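Accompanying notes for the structure given below.
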Amino acid sequence: MKNSLEYINDIKIVIDNIPDVEKLKGCSILVTGATGLIGSAVADILLVLNKECGYGMKLYLAGRKVEGVAERFSDYEEGRDFVFVKYDATKQVTDLIAVDYIVHGASNADPAKISSEPVETMLANIMGLNGLLSAADKDKLKRILYISSSEVYGVNESFEPYKEENLGYVDILSPRSSYPSSKRATETLCIAYAEEYKVDAVIVRPGHIYGPLIKLSDSRASALFSLKAAKGENIVMKSLGEQLRSYCHVLDCASAILAVLIKGENRNAYNISAKQAIVTIREMAEAFAAAGGVEIVFDVPTDAEKKSYNVMPCSALNAEKLEALGWKAAFDMKAGAEQTVRELKNMLK
């Protein structure tokens, strides 16, 4: 994927919001899930820091196939700008991983796929992290950052943005809970490795992440709405969209991840949320409709669609703990929707 000049400038804007980013100079970093929505944004920032700012980092981008990674980062050269690492979260890692930092973002976050593959979802989350940590050179590893999810909070009666300690109820007998349940278990696994093997581990819990790096097959509402808007098609809503969500542009999410990697406290979790983009699903849809000059229409959801829905009526996140590190978001909902639709239009061309 070729990056536009506007997208590179957007990356430079969010880099300015990463506190003490210069501490990454000269280090080695492995990013798993490097072709995914969040992982690829993290990689984009790191690659720009190297290319534009001379950071001299050794970057390892992990994925299932070298062709997919090479295509996603076609502006760069494999072997010179980054090293490809073959990685499948469902398989045991056999080679020693000797890097300073690991950003572990390999996970299935597509609601439709979670619903149709609950077993694979659970195993990939738990086995993936365990495989990485069991293969890591723990003497060299300075820190691992695990990308969890706001879904770990479950159903909470409060409609106030959740703080990190406000865990609610998850129905463990629901197949859809394969995602939040395994994310909860994997967070505990991080802390278990920190306790038993003295691994420095930090956790981030992103809210609802959107942006132009989505895959065309992504079934998340924000992905579907932004693609419709970019194509000039009306946005179809399958509910009134009254649920309150923390939306965050993917570049803001990636800059927050690097802020926690650098300044977060060992054995701690941090919410990732742009406080100027805590809106309802309906308000999010309206922002994309305005950005694309289209209308919103309503339709009845199918039974299969209902099974994939996130049941949380409120998943707004309080990001004061993250902001205390010195981080801030660059995009509100309006600006983020406009940037996303602009870049998706470029991509679709």
Side-chain angles (χ1 to χ4, degrees), residues 15 18 20-36 38-51 53-66 68-70 72-73 76-89 91-107 124-125 127-148 186-187 189-194 196-204 254-268 270:
I15 285 174
I18 305 171
D20 297 340
V21 66
E22 65 278 358
K23 289 185 177 180
L24 295 178
K25 288 181 178 179
C27 68
S28 56
I29 305 177
L30 168 68
V31 180
T32 71
T35 60
I38 296 176
S40 64
V42 172
D44 279 338
I45 291 176
L46 296 174
L47 287 162
V48 168
L49 283 171
N50 267 0
K51 191 170 185 178
C53 308
Y55 267 45
M57 295 175 287
K58 187 77 170 180
L59 303 179
Y60 298 86
L61 304 183
R64 294 187 178 186
K65 295 181 179 179
V66 66
V69 174
R72 169 59 185 84
F73 300 102
Y76 303 93
E77 182 181 334
E78 199 279 330
R80 185 191 66 182
D81 298 313
F82 66 89
V83 175
F84 170 74
V85 176
K86 186 174 179 60
Y87 174 72
D88 185 335
K91 297 179 180 178
Q92 182 62 41
V93 179
T94 55
D95 295 331
L96 180 69
I97 300 172
V99 294
D100 297 316
Y101 297 104
I102 297 174
V103 176
H104 182 39
S107 178
N125 282 339
M127 293 171 57
L129 177 67
N130 185 63
L132 279 179
L133 286 175
S134 62
D137 182 344
K138 297 176 183 59
D139 291 329
K140 179 175 175 57
L141 183 65
K142 294 179 180 178
R143 165 164 287 182
I144 181 167
L145 181 144
Y146 176 58
I147 302 176
S148 184
T186 315
E187 286 196 19
L189 188 60
C190 277
I191 305 307
Y193 265 93
E196 186 172 348
Y197 297 105
K198 311 309 175 188
V199 171
D200 187 312
V202 288
I203 297 161
V204 292
S255 72
I257 286 169
L258 293 175
V260 174
L261 185 71
I262 297 163
K263 295 195 69 177
E265 186 177 346
N266 185 25
R267 304 193 191 194
N268 271 243
Y270 294 81

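Note that the numbering runs from 1 along the sequence shown for the chain. Just so we're clear, the structure is a prediction, and the values are computed from it rather than from any experiment.
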Counting only pairs under 3.5 Å, give me each side-chain donor-acceptor contact of residues 78-87, with atom names and distances, residues two or more places apart or in other chains.
{"unit_1": "Glu78", "atom_1": "OE2", "unit_2": "Phe84", "atom_2": "N", "d": "2.9"}
{"unit_1": "Asp81", "atom_1": "OD2", "unit_2": "Glu77", "atom_2": "N", "d": "2.8"}
{"unit_1": "Lys86", "atom_1": "NZ", "unit_2": "Arg64", "atom_2": "O", "d": "2.9"}
{"unit_1": "Tyr87", "atom_1": "OH", "unit_2": "Gly128", "atom_2": "O", "d": "3.1"}

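- Of all non-hydrogen atoms in Asp95 and Val93, the two that sit nearest each other are O-CG1, 3.5 Å.
- Between Leu129 atom CG and Cys190 atom SG the span is 4.5 Å, to the nearest 0.5 Å.
- Atoms CD1 and CZ, on Ile262 and Arg143 in that order, are 10.0 Å from each other to the nearest 0.5 Å.
- With sequence neighbours excluded, the residues that form a side chain to side chain contact (heavy atoms under 4.5 Å, CB included) with Ala43 are Leu61, Phe73.
- Partners of Ala70 according to the side chain to side chain contact (heavy atoms under 4.5 Å, CB included) rule, which considers only residues two or more places apart in sequence or in another chain, do not exist here.
- Residues Ser107 and Ile147 have side chains not in contact (no heavy-atom distance under 4.5 Å, counting atoms from C-beta outward).
- The distance from atom CD1 of Ile144 to atom CG of Leu133, rounded to the nearest 0.5 Å, is 4.0 Å.
- With values rounded to the nearest 0.5 angstrom, Leu145 atom CG is found 6.5 Å from Ile257 atom CD1.
- Between Ile45 and Ala254, the shortest heavy-atom contact is CD1-CB, 3.6 Å.
- Interatomic distance, Ile97 CD1 to Ser28 OG, rounded to the nearest 0.5 Å: 11.5 Å.
- Met127 places none of its side-chain heavy atoms less than 4.5 Å from the side chain of Asp88.
- Residues meeting the side chain to side chain contact (heavy atoms under 4.5 Å, CB included) test with Met57, sequence neighbours left out: Leu24, Cys27, Ile29, Leu46, Leu49, Asn50, Tyr55, Leu59.
- With sequence neighbours excluded, the residues forming a side chain to side chain contact (heavy atoms under 4.5 Å, CB included) with Ser148 are Tyr146, Val152, Lys183, Glu187, Ile203, Arg205, listed by chain and number.
- Screening residues 132-141 for side-chain hydrogen bond (donor to acceptor under 3.5 Å, both in side chains), with sequence neighbours left out, gives Gln92-Ser134, Asp100-Lys140.
- You'll find the side chain of Val204 stays beyond 4.5 Å of the side chain of Val202, heavy atoms only.
- Of all heavy-atom pairs between Ile102 and Ala136, the closest is CD1-CB, 4.4 Å.
- With contacts defined as side-chain heavy-atom distances shorter than 4.5 Å, the pair Tyr76/Val69 does not qualify.
- Between the side chain of Tyr270 and the main chain of Glu265, a donor-acceptor pair closer than 3.5 Å is present.
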